[in-house]
Structure formats: structure tokens, C-alpha cells
> 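Quick one: structure below, then a few questions.
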Amino acid sequence: MSGNSVVIVGTQWGDEGKGKIVDLLTKDVSAVVRFQGGHNAGHTLVIDGQKTILHLVPSGILHSNVRCYIGNGVVVSLSALIEEINMLEESGVQVCDSLRISPACPLILPSHIALDKAREVAMGKQAIGTTGRGIGPAYEDKVARRSLKVGDLYRFDTLEEKLKIVLEYHNFLLEHYYHEAPVSLEDTLQECRLAESRVLPMISDVGAELLVLRQQKKKILFEGAQGTLLDVDHGTYPYVTSSTTTAGAAATGAGVGPGDLDRFMGITKAYTTRVGSGPFPTELNDEIGRHMAVTGKEFGATTGRARRCGWLDSVALKRAVQLNSLTSLCVTKLDVLDGLETVKICTGYSLDGDLIVEDMDPNGGLADAIEGCRPQYTELPGWRDTHGITEYNSLPENAKNYLKQIEILAGIPIEVISTGPGREQTIILKNPLG
Ligand code: GDP
Ligand code: IMO
Ligand code: MG
């Protein structure tokens with residue numbers, strides 16, 4: 001079964017290749033929607049050898065005649081948004097005609113960024129390893145009902161008053177709790193003033209526009225940021241991001257109903273990576289881990305930090321299938337495992353020699369299960385070369401066997417396989433959009 005709307009989410013700790021796949025599938029849709037996260041995301045598209053890294057703007061933007069939406073669930077830094085629009089327009093991409101932003105998006109203020117950084121410093125060894133983009137403090141303010149929103153740009157007189165109150169609070173924390181420099185009201189207002197004329201024409205009721213597209217039977221892609229294991233509720237808390245990264249957020253964060261989401265595709269790397277701190281049961285600190293890091297060019301698209309690497313974890317993957325109602329998988333970066341003698345998949349965790357989790361324990365959260373556990377592996381023969389292959393039948397038998405194992409363990413079909421960073425370096429077995 002295919003659907004008019006497909007939600008794309010990461011099944012791991014982010015950087016699974018969501019951007020590449022969203023860009024690829026955009027050729028068949030009318031709209032692409034971001035619904036959570038902010039410019040902590042770094043989504044890489046490679047078209048005809050040219051690389052574009054997007055942080056806030058949906059990964060459909062390189063296609064003309066496709067509407068790109070930033071839904072209410074996204075936290076928006078006006079300076080980051082303007083910088084990204086400028087970068088795109090300088091390379092000839094028309095953004096202002098295609099991009100629409102919900103007035104309900106909470107703003108990330110410079111003081112949120114200062115607070116994020118100050119906290120990480122204060123936490124020392126316990127630091128989360130955030131991207132330093134102010135994501136956590138901005139979501140805190142949303143829930144605390146003191147956010148300024150994109151829609152406040154319409155009312156500059158009251159905006160200044162609201163900013164003054166919020167900044168008083170932020171600066172109290174910065175100066176007296178973290179002993180850091182305060183952020184100036186004038187600088188913050190200036191950022192809003194500079195953005196005003198650019199952003200106002202793009203503000204729109206995103207949920208209402210999506211409803212019209214649904215009524216017209218148009219196809220829509222919902223683009224997740226981060227990944228399932230970074231979800232604030234279901235991830236490896238506290239080493240998570242501050243938003244709901246799982247598929248349910250596509251409805252709340254775009255302003256549509258859950259019934260408007262038809263299909264759910266999970267993106268998984270053929271192995272696993274993680275940036276920042278926190279548990280990672282299948283992490284490899286050896287030659288193979290280095291092979292993955294070097295061959296996979298595993299450096300963060302947002303902060304440039306080295307990503308930690310390890311084997312694919314099917315226990316976590318299965319949990320992601322359940323948490324996101326995944327209907328299919330896309331396996332990316334298969335080519336990065338080329339040339340390895342054997343490849344491993346984690347199929348369970350053991351503690352003190354006893355196998356404690358085989359599938360996923362329905363009574364225990366993943367974070368509890370993996371604390372202090374050792375992964376159990378199944379080992380499969382490796383293969384030589386999959387790089388750039390576009391036909392399933394051209395894949396080496398052992399690579400096909402590896403993919404088969406993933407399907408069996410996950411319990412859902414693989415519809416797309418990625419064999420290189422380029423848009424065309426892809427095998428589409430079945431288009432989830434039909
Ligand atoms: P996202 O955050 O999920 O969109 O992923 P990122 O863009 O942060 O990281 C994925 C990285 O892998 C990017 O540099 C992509 O260009 C690259 N990439 C995506 N798919 C493939 C693939 O199949 N093979 C290889 N070698 N690289 C890929
Ligand atoms: P994309 O969309 C990988 C990680 C950070 C840190 C934790 C919290 O490109 O997959 P935050 O700044 O969100 O408060 O940081 O989450 N993180 C990501 N890791 N890919 C991302 O996004 C990430 N966004 C946040 O490294 O560990
Ligand atoms: Mg990324």
C-alpha cells in the first residue's frame with residue numbers, strides 16, 4: 001500500500017541520511033514539511049556532485065514548484081533562517097516563493113543559545129554534547145508559556161515588551177547562576193528587525209494549507225529531524241534532544257490530524273553513528289569503527305564534530321519500528337561497509353552473561369535496557385563493492401543477504417537502499433508514495 005503522505009524519520013541517533021532521501025522522494029510530492037527540531041539538524045543533499053547542507057529549510061527546497069513548510073513544532077532562530085535563505089538564494093535557489101512558516105513557531109533567541117552553551121560548560125563531564133544551538137532552552141520556554149513566536153513579528157510594539165521580560169529572566173540566569181555575560185535587548189531586537197521584512201511575507205497557516213493539499217489529494221512528505229533514540233521521551237534520556245522526534249510529532253508539529261499521516265518510512269544507516277555523549281552499546285573503538293568513520297565521512301553536518309561509529313543495532317531498530325508505526329525502511333550508506341571481511345548486527349543485549357533483551361522488552365525502556373549491557377551479535381560474510389549501484393540485482397549476494405537479515409529482524413520491508421551520497425546513487429525497490 002502506498003500513501004499520499006509519508007513521514008520520514010530517523011531510527012537511530014540522527015544523521016541517517018534523511019535529507020538525501022527526502023530530496024530524492026520530493027520529485028513526486030507537492031509539499032515537504034519540517035515538524036520538529038530546529039537548526040540543530042544538518043541534512044546533506046548531493047546533486048550532480050554539489051553539496052548543500054540544510055538546517056531549517058526542508059530538504060525539498062531544491063525542487064521548483066514544491067511548497068516547503070516549517071511547521072509550528074519547529075523552533076526557529078531568525079538569524080539562522082535568514083543565513084540559510086541567503087546561502088540558498090546566492091546559489092540560485094528561489095526560497096521566498098516556496099517557503100512558508102507557521103506563526104506558532106517558537107523563536108530561538110540569542111539568549112537561548114547563550115544559556116545552552118553556559119549549561120554545557122557548567123555540566124562539565126556530564127554535558128549532553130548539544131549542538132549549542134539553543135534548542136533545549138527554547139523548547140523549555142515554549143512549555144513554560146513564555147516563548148516569543150514567529151507571529152510576534154507582526155506586533156513589534158508588544159514584541160519589545162515581551163522580549164524585555166524574557167531577557168530579564170534569561171540574563172538573571174546567565175549572570176547570577178552561570179556567571180556568564182548577559183545578552184543585550186538591543187541586539188536581540190536588532191535580529192528581529194533585520195528578519196522582519198524577510199520573514200513576514202512567508203508566514204502562513206501551515207496546518208490549513210496542508211489540509212487543502214490533502215483535500216486535493218496532493219502528496220506530502222513530512223521530514224523528521226534527529227532520530228528516534230534522541231526523542232525526549234523515548235530516547236536515551238537525558239542524552240537526547242528536547243523535542244519529540246518520533247512520527248507522532250509530525251501531526252502535532254505540522255498542525256494536521258494523526259489521520260492525515262498515511263505511511264511511515266524509517267531511515268537507518270547500515271551501521272550506527274552518534275554525535276555527542278550518552279550510551280551506544282554497539283560502539284566500536286577499533287579499526288572497523290575507524291573504517292566506518294573515514295569511509296562514511298562521519299563528521300557532523302552542523303558542528304563538524306567526529307561521529308562515534310558502531311554496528312547496526314536491531315534491538316533499537318525494532319523499537320523504532322514500534323514507536324514510529326514504521327511501514328518500511330530505507331537503508332543508507334550500505335557502501336560504507338564495502339570491503340569488510342564480515343559484518344555484524346546486534347540482535348540482543350546481555351547483562352552479566354545472561355541474555356536480557358532479545359526483541360525489545362515491552363516492560364522496559366530502551367535507555368534502561370542498554371545501561372551497562374553488552375551487545376550480542378550475529379555475524380555475516382562481507383562483500384566487496386556496492387558503491388553507486390542503482391539496481392538491486394547488481395548487488396553482491398552477501399550484501400543482499402545482509403539486507404534480508406535487517407528486514408527479518410525489523411519485521412518490515414526495505415523499500416529504498418542508498419549506495420552513495422549522490423541523489424542518483426539509490427536503489428528504489430518500491431516508492432512509498434506510489
Ligand atoms: P541526515 O541528518 O539524516 O539528513 O544525515 P546527514 O546529512 O547529517 O548525514 C548523512 C551523511 O551521509 C551526509 O554526508 C550524506 O551526504 C551522506 N550519505 C547519505 N547517504 C549515503 C550513502 O548511501 N552512502 C554514503 N557513502 N554517504 C551517504
Ligand atoms: P539531524 O537532523 C545527530 C544531538 C546532539 C546532542 C543531542 C542534544 O541532522 O539528524 P541539541 O542541540 O539537540 O540539544 O543536542 O542531540 N543531535 C543530533 N545528532 N543529528 C542531529 O540532527 C542532531 N540534532 C541533535 O549531538 O547529542
Ligand atoms: Mg544530520
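Each ligand, and each atom within it, is numbered from 1 in the order the structure gives.
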> Measure Val240 to ligand 2 on non-hydrogen atoms and call it side chain, backbone, both or neither using the 4.0 Å cut-off.
backbone

> Which one of Thr327, Leu221, Leu25 satisfies the side chain to side chain contact (heavy atoms under 4.5 Å, CB included) criterion with Pro432?
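Result for side chain to side chain contact (heavy atoms under 4.5 Å, CB included) with Pro432: Leu25.
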
> With the Mg ion (ligand 3) as the reference point, give the N/O/S atom of Asp15 that is nearest.
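This turns out to be OD1.
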
> Do any heavy atoms of Gly42 fall under 4.0 Å from ligand 2?
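In this structure, Gly42 qualifies as a contact of ligand 2 - some heavy atom is under 4.0 Å.
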
> Considering both backbone and side-chain atoms of Gly17, is one of its nitrogen or oxygen atoms within less than 3.5 Å of a nitrogen or oxygen in ligand 1?
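N/O-N/O distance below 3.5 Å exists for this pair.
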
> Any atom of ligand 2 sitting under 4.0 Å from a heavy atom of Lys18?
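Checking ligand 2 against Lys18, which is what was asked, there is a heavy-atom contact under 4.0 Å.
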
> With a cut-off of 2.8 Å, does any N, O or S atom of Gly300 fall short of it relative to the Mg ion (ligand 3)?
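False for Gly300.
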
> Would you say Thr332 has any N or O atom under 3.5 Å from an N or O of ligand 1, going by distance alone?
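Between Thr332 and ligand 1, no N or O pair is found under 3.5 Å apart.
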
> Is there a heavy atom in Lys297 that sits closer than 4.0 Å to ligand 1?
no

> Say whether, by atom type as modelled, one donor and one acceptor occur between the side chain of Lys20 and the main chain of Gly420 under 3.5 angstrom.
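Yes; judged by distance alone, with no hydrogens or angles, the pair exists.
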
> Based purely on interatomic distance, does Gly14 place a nitrogen or oxygen under 3.5 Å from a nitrogen or oxygen of ligand 1?
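In fact, backbone or side chain, Gly14 has no N or O that close.
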
> Are the side chain of Ser91 and the backbone of Leu88 linked by a donor-acceptor contact shorter than 3.5 Å?
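Such a contact is found between Ser91 side chain and Leu88 backbone.
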
> List the closest protein heavy-atom neighbour of atom 4 (C) of ligand 2: residue, atom name, distance to the nearest 0.1 Å.
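The closest one turns out to be Leu230 CD1, 3.9 Å.
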
> Which is it for Tyr239 and ligand 2 at heavy atoms under 4.0 Å: side chain, backbone, both or neither?
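No part of Tyr239 is near ligand 2 at this cut-off.
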
> Backbone or side chain, does any N or O of Gly420 fall under 3.5 Å from an N or O of ligand 1?
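Yes, Gly420 has an N/O under 3.5 Å of an N/O on ligand 1.
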
> Tyr402 and ring-ring contact (aromatic ring centres under 6.0 Å, His included): which single residue from Tyr271, Trp383, Trp311 fits?
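So the option named by the test is Trp383.
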
> Does an N or O anywhere in Arg307 fall below 3.5 Å from an N or O of ligand 1?
yes

> Return the residue, atom name and 0.1 Å-rounded distance of the protein heavy atom closest to atom 5 (C) of ligand 2.
Gly129 O, 3.5 Å

> Between Lys269 and ligand 1, is there a nitrogen or oxygen pair with a distance under 3.5 Å?
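No, there is no polar N/O contact under 3.5 Å.
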
> When only distance counts, is Lys20 in polar contact with ligand 1, meaning an N/O pair under 3.5 Å?
no

> Nearest protein heavy atom to atom 23 (C) of ligand 2, by residue and atom, and its distance?
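In this structure, atom 23 (C) of ligand 2 has Gln226 CG, 3.6 Å as its nearest protein heavy atom.
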
> Answer with yes or no whether Gly42 contacts ligand 1, where contact means a heavy atom under 4.0 Å from a ligand atom.
yes

